[in-house]
Amino acid sequence: MRRLVQLLTLVCGLTAHADPSWTTNAGQGVMTSANVTYGTSIVSVAFWVMPRATNVSAGQYFVDSSTSLAGGTGTSPRFAVGIYNRDSAYRLDWIGKGGNYRSQSILAAPNVPLNTWIHVGGVFDATTASGNFKGYVNGVAQTLTTSGTLGSLSGTAGSSWNANKFGVGSENTNSAAANAVVCEVAVWSGELTAEQFASLASGRPANLIGRKPIAYWPMHPAGTETMGDIVGGLALASGTYANTNASPPLLRP
Amino acid sequence: MKDHLLSNGTLLPWNFGAEPLPPNSDGRLVERVEDPLPELGANQVAEPGEVDYDPESDVSRQRWVVREMTEDEQRFVIPPSVFLWERLTSEERQAIRTIAQTEAGIADLWDRLLTLKEGIISDDPLTAVARGACSQVFGESRAKELFAKP
């Protein structure tokens, strides 16, 4: 018992800190150097984001399960979350893709607010041909409306999500980049519960919600460094970023 | 120890007589006042805020009052079914966050500890570990507050 307590408090001498969060810069995203193996047809993702601009030509991606999502040639399902211009407004967009793509937005909401931290969660279910997405904002489940071209995940229903590199901040390292501050990105196999998304939105770390993620990138770089995955070991390659933006208020001491 | 009722109907906590007392389920504190009550006669009725006479109790002649908690005290309110994480201050959460993001193995253990609710299951080994860890990180007095029985 004493040994366990000692282990638990091994690093208790560390002082609380408020490192800055990762900031996209000059159209750069960051990618894992190796593929993420999801091992399931249902994947959940969550992260904090502070959008700084919406005036991008097509869309901007905060997280992306593939380096070639927009290619239109993939047959394995892939997923992403970003901002897209739907019905003359820049809306949060949850995107899944097989041979075609399916996109769902919060159409009832106005444009995505800028310079405000929001917690975003998503569940991507490829167990059916049409897919089934769920979106959470600040821990609250959203009503998503299908928009754009409704494609099909046919041929891939029931399969696992495509094992591929995972990117943050852009569709790939130089396309559809977000202008935003992003941190606390995590991915889980299977579907998180509404309570778990609410816990994350309350500031709880992704590895302390009672369900272990398969990858968790806190993304609070103190300098030019590789941003590690503290669960799965799939580090995000270092990219160009500024570290002048503070972490979300809930993550500060 | 048997349950005690104040004359206003407030049920005193199960560990009535111990110090410090956790808040009642309604969020109010039961506090002992220094001056003891005079012993009540056979037909006397206790005043509001006083303990009804109980010949079997060793504390019935003391004066206890129920009062609203201050803001500082309210953060220690421990409603039922609240996870340990929810009871931590922002500074404490940041400390745990730092620990959990530093060492994956330690995070796995803290993940289990933070799903604990209340200190009711004080004989549970995991609760004992959690209390020990909180004592090391936050200090013994804070651990005592966090694991006070409701």
Side-chain angles (χ1 to χ4, degrees), chain A residues 1-19 21 48 183-186 188 193 195-196 198-222 227-234 246-253, chain B residues 75 77-119 121-144 146-147:
Chain A
M1 181 78 71
R2 177 179 296 176
R3 168 106 178 108
L4 196 51
V5 170
Q6 287 173 340
L7 178 63
L8 284 163
T9 58
L10 188 62
V11 290
C12 67
L14 291 175
T15 56
H17 60 88
D19 286 337
S21 297
W48 284 91
C183 67
E184 299 291 321
V185 180
W188 292 261
T193 65
E195 184 182 39
Q196 287 167 331
S199 290
L200 292 165
S202 73
R204 201 154 165 169
N207 58 346
L208 295 181
I209 62 167
R211 183 162 181 163
K212 192 173 184 176
I214 57 176
Y216 174 24
W217 301 277
M219 302 185 74
H220 303 291
M227 284 166 286
D229 165 13
I230 65 175
V231 173
L234 292 169
S247 298
L250 286 170
L251 309 185
R252 299 173 198 162
Chain B
R75 74 189 180 100
V77 172
I78 309 168
S81 303
V82 170
F83 291 117
L84 176 58
W85 173 265
E86 310 302 330
R87 292 151 57 185
L88 301 178
T89 66
S90 59
E91 292 84 357
E92 291 165 347
R93 290 181 180 185
Q94 187 62 33
I96 297 300
R97 171 182 290 277
T98 300
I99 291 172
Q101 292 186 346
T102 303
E103 178 58 51
I106 292 176
D108 289 346
L109 287 169
W110 271 106
D111 190 23
R112 294 181 62 195
L113 302 184
L114 292 174
T115 60
L116 291 173
K117 296 178 180 178
E118 303 295 344
I121 50 174
S122 56
D123 293 333
D124 186 292
L126 196 57
T127 302
V129 171
R131 194 191 188 291
C134 285
S135 177
Q136 290 288 318
V137 177
F138 308 131
E140 175 57 24
S141 62
R142 180 60 174 137
K144 191 174 181 180
L146 288 169
F147 287 84

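Treat the numbers as computed from the prediction; the structure is a model and nothing was measured.
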Do you know the tightest heavy-atom contact between A:G203 and B:W85?
-> O-CZ2, 3.7 Å

Neighbour count >12 (heavy atoms, 6.0 Å) for atom CD, A:E195 = no

Give a yes or no on whether the backbone of A:K212 and the side-chain of B:D111 come within a donor-acceptor separation of less than 3.5 Å.
-> no

Where do B:R97 and A:R204 come nearest, in terms of heavy atoms and distance?
-> NH2-C, 3.7 Å

Can you name the closest pair of heavy atoms from A:L208 and B:A107 and give their distance?
-> CD2-O, 3.4 Å

Bottom line for B:R93: the part with an atom under 4.5 Å from chain A's heavy atoms is side chain

